[in-house]
Each structure stands twice: as structure tokens, then as C-alpha cells.
Amino acid sequence: MASIFQGIGAATSISSSASFDTMKLQFSSPRSISGKKANCVVMRSGGAKMDSGSSRNGGRADQLVTNAVAAKADTPAASTASKPGHELLLFEALREGLEEEMERDARVCVMGEDVGHYGGSYKVTRGLAEKYGDLRVLDTPIAENSFTGMGIGAAMTGLRPIIEGMNMGFLLLAFNQISNNCGMLHYTSGGQFKIPVVIRGPGGVGRQLGAEHSQRLESYFQSIPGIQMVACSTPYNAKGLMKAAIRSDNPVILFEHVLLYNLKERIPDEEYVLNLEEAEMVRPGEHVTILTYSRMRYHVMQAAKTLVNKGYDPEVIDIRSLKPFDLYTIGNSIKKTHRVLIVEECMRTGGIGASLTAAITENFHDYLDAPIMCLSSQDVPTPYAGTLEEWTVVQPPQIVAAVEQLCR
Amino acid sequence: MASSCLTKTKHNIIISIFKSISISKSKSSFTNRTSTSTNSLSSPVPKYAAYSKTNRTIGFNRCYEQAYFSRRLHSTVSVSNDVAQLVVEPPSQQFLDFPGGKVNFTRKLMFTSNSTAERVHCYRVLDDNGQPFNDSESLKISKELAVKMYTNMVTLEVMDTVFYESQRQGRISFYATTTGEEAINIASAAALNNNDFVFPQYREPGVLLWRGFTLQEFANQLFGNKFEYGKGRQMPIHYGSRKHSYFTVASTVATQIPHAVGAAYSLKMEKQDSCVITYFGDGGTSTADFHAAMNFAAVTEVPVIFFCRNNGWAISTPVHEQFRSDGVVVKGKAYGVPSIRIDGNDALAIYNAVHEARKMAIKEQTPVLIEALTYRAGHHTTSDDSTRYRSIDEIEKWRGDQSPIKRFRKWIENEGWWNDVAESEYRSSIRKQVAQAIQVAERIEKPPVADMFNDVYDVPPRNLNEQEVFVRKTVTKHRRDYPSDVPL
């Protein structure tokens, strides 16, 4: 991550970093001569380390580029000397993205249960109500279908609401509004009314939250026409996806994960926006393509360590965009490795993995040397007991075994 | 009898109790509101829905009367017919400050009744013969406005008849009439500004008509041709027009009610001088969306008018099987929303009520609930034959003298602004125009295949592009198996 950004002194030039192909912008603004560091922003769409072969065309380019302001206020004093950027937790990154967008556009507002003075049950909206007022950060009564409907109505009349479900599972109550109205009204009105909402919330299997609070809603929402779905997994992509989702004119559902909120990472000081339809190359490799998203990314990376020790070279892609799939990145990877393993947290039946399997089979069948393997949770409600809960989620040893079987 | 028993102390007690039972946000304007408002202790409501301070005293005495009576009659447990348990007791430990506000205690174990002795009264300006009551407080409307309202109502009626017939002839696939509710459609639209947002259910094309939607535009939507604003994607009668501030009809019942609250919220954020109105039927008030939206609107204090067309029937379900409350107007009180019941077949009553509600909504930033009692004189839609569940006599009665068009016509004829000749001329002219619009709309070609894939997103993604290519290929290959009036 740090390799992308280089602070320059008044006269030093940037040394190129080998791991990515970039659009580099070098700024020596007059202000930097006085001794302050000017940050140069190097933007590469997507994640930290990108495969040098892939280049972006198609989709909508959203790189937010240059902001050559000496922004020293953000970085803590200790790291001034060595690393640029600032460290924060994932929920803080979400909040930062949210706050920057609220600052930038007065039409952005937040509504949900306990988002106001309480700051949100996962503190994503902490401090926003004090700063922007009760009306812009609205505490709603407990009626998900209605406050989702309210967000849709507000969006049709020009606001850009962010609707927070306290837990993704509660959005099942809002399914009618999301499917029948949010996804449809732009179409059925003949394009007259657009609905730029962001629906977000934590989902996934947590630590003993019980079956009702461990839902994976991406599998239910994935066939609704008219909506986009993205899943964040790191503070970097959380902030970037949040900003992109808010700026998008389509309704976007942003899936966060309950257990990832306290991940810490160093993210750039400069403003950046990610592309909603792109996948992220986490670890380039040669032997097998592992497709995953959200929390499973970390299980996969853990398994990858073991696999590397055993002599395998997995390519790990965080698909990030759940609807539509980034078949470009995925396809390139498959053409290279010819073997696919999908690791997801959804149930086996009708989950994201099932759709992805179908999409890959349809498009890249000729490139496959082995049938696609898909590791998912069982088709059971998530048990409360800790040990049982652990067994419903895919664990690293299973991933290692699956890769070994694929690569036989 | 009760009034004479009022001693000074007891009178003071009542006053202090009354004052302390003020609901949390006790703005002074509350006390000025129509007596059906949340703050009213008295039930039944006085006849005139006017802002009258004297009503409060009347309410007082009535309350006390019944309370005094019940004190005499009952033992420990009783059921009172009065909504307010205003029992007179010596002031001992009066109240406790619970979350939500102060509440007085009572030592009587008394349940509120499931119904009141008398139903909430209904505001009306014109009598059955179209004559205004002498003492009615009605806005003076000009001849131009009155004639415009009447002619629009007639246009709506003729349009409904001709379009309905065209469905029966197989020229369009579906239609729903507004028969019996023309006054609601036109008079409410007339009382609003053209830029007030409208979130309709599906029986309010008259609002669009009032705002200038032409007969040709209606016909285009019904035929789903390339000129209609929805680009041929929705069923007939699902009109929508951004330039008329009329949000596209969705088939789902009552989903537009929370949308309306959200739109009102955006008006409040942007401090605009306009309001939102949303329409729904008696059936729609049973949905979850209605209740939560009313609650939200009250909590967020947004300028929205909830207009309920209580027409007695939800397809085949009569109101007695829909709810057991006193209609819809009492539900406003439950949510803290000022409400009123009006005669939905009386155009002037509707005009007055909506005009006043709009002022109130904007000035005080509050939702308002209007329940308009009326009758669905036509079938639910062309897929329904209502004679199967209700008597033809009942339908004929409401199409007769109670018809809103007939009653209003009597009034404007009495004022000298209309006559038989004008009527027949106007009707035949409109009929010709509607028939002409149908003919023209029928011949226009349908939207192209590309419109099947546009607007799902702002930019079609790759999978939709692939699917479109596939459809085009298939249609080109098997041209004869596909309709010829859909261009590629």
C-alpha cells in the first residue's frame, strides 16, 4: 500500500515502483519549496498491488486524482518521516468516506436506526449527527420497509440518502421496497425518476449472534434487476467503495461484515474513489484462481500461506463487485491458471458462488482444466453454539485441501 | 344538568388536568386546530371543522358530563364510552413523569371502549341538492375555477367511459376507472400548487388531468407506444410525469406512502414552500407501509398530506372486513397526526379541506390526514365484475343523485355558470377528442427493443448488452414470430 504514495521533498524525483503500472503525476507546487511535503497522488484503479498485465477499459472510471495540497494534518506525527497516509479501522474508514461525501454534497443524508446521537450500532456514523444536524443524520423508528421507502422517495426528489440497516438481515423487511420500487422505478418511469440510494449494513456470520442476525443477504438480492451490489473487505476499499456508491446514480447495496469492522490499515490521505464494478487482485499467482469476497478473503489469505509453504502458487482475487461480476479480471485470471476455486460465506444453494459458477462455466468453459470447486456454508441456519458456528463457515484447512484436490 | 353541578374547584381541576394532558410537543397552534386533532379530549367532535377556540369549552363540558355520569353508575371495573378517561378525583398523587411525558393516574380500572358512541363527523359544504349550507365556511371560488373544476370532472368521466369501452373492445389490455371519485381527483388537485409532489396509488389520473396532461398523453400510455413517458414498460394506467410532479404509479399497494414521507423530508431539508400529497384507498390503510409512514411523518414533522379515498371497497372486501376502527380518520389521532373526515362526493368540501391542509402542512411543518368518504361506483378494474359481490341497486344509488358530478353541476347551474346546452356540447366534444386520441395512439409504433434494456441502470452493464444482442439476433432470425410493430 505504501508503495503507491511517495512524499516528495522540494526537489527529489519519484522513483518508480516495479509492482504496478501507473499513471503518475508529479507535482512540485511552489508551496512545497518552503519545506512542506507535497503529496503526489498516484492512482491505480482497484487495490494496492495490481497485476501489471491488466488494464482498465470499460466500466466507469472513477479515479479521483490530484489533490496536491500539503495535507499534513491527517498523518500522525510519528509516521511523518517514513510512511504517508494515516492508519484507521474499517468502520472509521467508512465514516471518513461518508463524511467526505456529506461535506462535498449537501444532498447526501443518512437514515437508519440509532444512526444519529448513538452514532450507529457499529459506530460508522459517530459524530455525524453533531456535525450535520438531526435532519441530515436521521434516527428512524423501527420500520425497515418504511424508512427504505422514505429513502427512495427522498432520492426521487433529489436527495442522495444512505440507508443503514442495523444488521443486513433486517433489510429482509425492506425487500418489497428494494425489489419492487428501488430496483424498478427508474425503469418503469421511463428514466424520469432516478434513485441514487446507498443501502448498507453489516451482514455475514459474526461471533455467536444467532441465526437471525447472521444472514447473508447478497444471495437474496442478487437477482433484483436495477440494483448494484458491492462488498468491502479492507479499510482501503471500504472507503473507496462507500464514496463510489454515494456518487453513483444507481441504487447500490454495500455489504459490510460484522467481524471486519476493527481491521486496521494505513490508507492514503488523498481523496480517492474506487470503481464499483472492479475486482481486486489480492495476490497474483499461477496455479489456481481463488475467487472470494468479504471476510472469506482473510481465510483464503491464511490458507494461501500454508499453500505457499506446500509449494502452490494461488492467485487470489477479491471479487468485490457482486452484481455485476467483474468477468474481465476473473476471465483473465482463469485464462492464466485454468483452475477455479470459489470460497464464499453464502449458503450453498442459490448463493453468490452458485451464480459465479454458472457465469464462469458459460463464459470460460474452454479454459478450465478441472471442474469449478465452490466452498460455501451449509444450507442450515447458523447455530448459536460457538463450535457449531465455526463449522458452518469455510475454514482455511478446507481451502488448502480443496486447492490440493484441484491441482492434482 | 352537569354544567350546573360544576363547582369552582372541580372546574379548576378539569382545567388543570386538561392542561397537563398536553402531548409532548405542545405547540400553541395545536389548540387552534380542528377539534379532531390529537389534542382533543372530547369526542364526539363538533360539527364544524373550523378553528374555533370556543370548541374547547364545549368539549370540556361534554367530557365532564359523561365522566360525572359514569362515576355515579359503575363499580370498580367499567368500560367507558368516552375515549378520555376524565374521571374527577381529588388531586392526590397526580402524575408521574414517564419517558414520553407526564401522565395522570386514575384509581378506576377502566378500559377505553373499542368504539365511540358517535362516529367522527364528516365535513360537507353542499347538501344533497348541491346547495351550500347557509352557515358553512367555504372559500369563495371564482366562476372560472368552478367551471374548470366541473369540466375537468366531466372530462375524467367521459375519458373513463371511452377508455373502458376500448378495453372491452380489445384495443387496450387493461383499465381502471375513477367513477364516483371525480371530485376527489379534481378538487384536491385544484387546491394544490402545480409543483406540489403527488404520489398516487392508481385511481388518481384526474390530478394529472388537472395539471395539463393531455388526452393524447393518456392514450399513449395506455397503448404503450413510443411517445409515452414510461417508454412502454408499465401496464396501462401507470402514469408518471416528472414535469407535472406526478410520480410514476407502482402496482404495489401503499408503497408510495413512505415515498411521500421521504419526499416531504427532502422538502423540509431544502426548506421549500411546497408540500407533498399521497393518495391511497381504504384497503391501503391496512398495510404496514401506511402505519409506519404515518408514524414517521409525525415524528419527523414533515409537510405531507395523507389523502385516503375511503370508497367502501377494496376489490371485493368491504370496509367492515378491512378494519373495525371508525374508518381511517381516527388512526391519525393514534399517530399524532391532525386529521379530518370529509364528504368525498362534495367538490367544494374537498377543495376547502385540501387548501387548508396544505397551508397547515407547510406553515407548521406537520403531516395531515384527510379521509374522504366516497363510493367506488365502477368496478375495481377491467378484470373485475363487482356485481358478483355487491348489489346493483347499491351501485345505481351512488351513480344517481349522490354522484359528485351531479351535485356539483347543480351548484354551478344554480350560480348561473352552466346549463344543459353547454353540458351536451362539452360532452360530445370530449368524447370525440378521446376517440381521436385513441385512434392516433393506436397507430404509433411501439418503443424499440433497446428500451427493454435501457434505464435498468444509468449505463447498461455488460451482461445486459450481451442479452440485448441475443434478443436482437433471435428476433431478426425469426421475424415472423415477433410482433411487427415493435421496431428493432
Checking heavy atoms, do the side chain of F325(A), its backbone, both or neither come under 4.5 Å from chain B?
neither
By a 4.5 Å heavy-atom criterion (distance strictly below it), what part of Y239(B) contacts chain A: side chain, backbone, both, or neither?
neither
Looking at F174(B), I want to see if its CZ is surrounded by more than 12 non-hydrogen atoms of other residues, nucleotides or ligands under 6.0 Å.
yes
Within a radius of less than 6.0 Å around OH of Y367(A), do more than 12 heavy atoms belonging to other residues, nucleotides or ligands occur?
no
Determine which residues belonging to residues 460-469 of chain B lie within contact range of chain A, meaning some heavy atom pair is under 4.5 Å apart, and list them by number or answer 'none'.
P461(B), R462(B)
Separation of M156(A) CE from H259(B) NE2 (nearest 0.5 Å)
5.0 Å
Hits for side chain to side chain contact (heavy atoms under 4.5 Å, CB included) against A314(B), two or more places apart or cross-chain, chain-then-number order -> D282(B), T317(B), Q322(B)
Of the non-hydrogen atoms in Y246(B) and F193(A), which two are nearest, and what is the gap between them?
O-CZ, 3.8 Å
Taking the side chain as every heavy atom from C-beta outward, state whether F296(B) and P141(A) have any atom pair closer than 4.5 Å.
yes
4.5 Å side-chain heavy-atom contact, L159(A) and E270(B)
yes
Contacting moiety of F197(B), where chain A heavy atoms sit under 4.5 Å
side chain
Could you have a look at L327(A), N180(A), L185(A), I227(A) and say which one has the most heavy-atom pairs with chain B under 4.5 angstrom?
I227(A)
Please report the closest heavy-atom contact between S146(A) and P258(B), naming both atoms and the distance.
O-CB, 3.4 Å
K131(A), NZ: over 12 other non-hydrogen atoms inside 6.0 angstrom
yes
Tell me, for M452(B) versus chain A, whether the close heavy atoms (under 4.5 Å) come from the side chain, the backbone, both or neither.
both
Of the backbone (N, CA, C, O) and the side chain (C-beta and beyond), which part of D139(A) lies under 4.5 Å from a heavy atom of chain B, both, or neither?
neither
Of the listed A260(B), A293(B), S241(B), the one with the largest count of heavy-atom pairs under 4.5 Å with chain A is S241(B)
Would you give the length of the straight line joining atom CG of D458(B) to atom OG of S248(A), rounded to the nearest 0.5 angstrom?
5.5 Å
Which of the residues V456(B), D455(B), T248(B) is involved in the greatest number of heavy-atom pairs with chain A at under 4.5 angstrom?
D455(B)
When heavy-atom pairs shorter than 4.5 Å are enumerated against chain A, which of K243(B), K231(B), R242(B) gives the highest number?
R242(B)
A288(B) portion near chain A, given a 4.5 angstrom heavy-atom threshold:
both
Kindly compute the distance separating OG1 (T157(A)) from CZ (F199(B)), expressed to the nearest 0.5 Å.
6.0 Å
Do other residues, nucleotides or ligands put more than 12 heavy atoms under 6.0 Å from I142(A) CD1?
no
For chain A, the option from D451(B), T252(B), V249(B) that forms the most heavy-atom pairs under 4.5 Å:
T252(B)
How long is the straight-line distance from NZ of K323(A) back to OH of Y457(B), given to the nearest 0.5 Å?
4.0 Å
For E228(B), side chain to side chain contact (heavy atoms under 4.5 Å, CB included) partners two or more places apart:
N220(B), Q221(B), N225(B)
Side chain from CB out, backbone as N, CA, C, O: work out which of these in M184(A) comes under 4.5 Å of a heavy atom of chain B, or both, or neither.
neither
Comparing P251(A), G190(A), A359(A) against chain B, the one with the most heavy-atom pairs below 4.5 Å turns out to be G190(A)
Please identify which of these residues, T255(B), D289(B), T287(B), meets the side chain to side chain contact (heavy atoms under 4.5 Å, CB included) condition with N145(A).
D289(B)
Which heavy-atom pair separates R233(B) from G191(A) by the least distance, and what is that distance?
NH1-N, 4.1 Å
Which pairs with one or both residues in residues 182-197 of chain A pass side-chain hydrogen bond (donor to acceptor under 3.5 Å, both in side chains), sequence neighbours excluded?
K194(A)-D249(A)
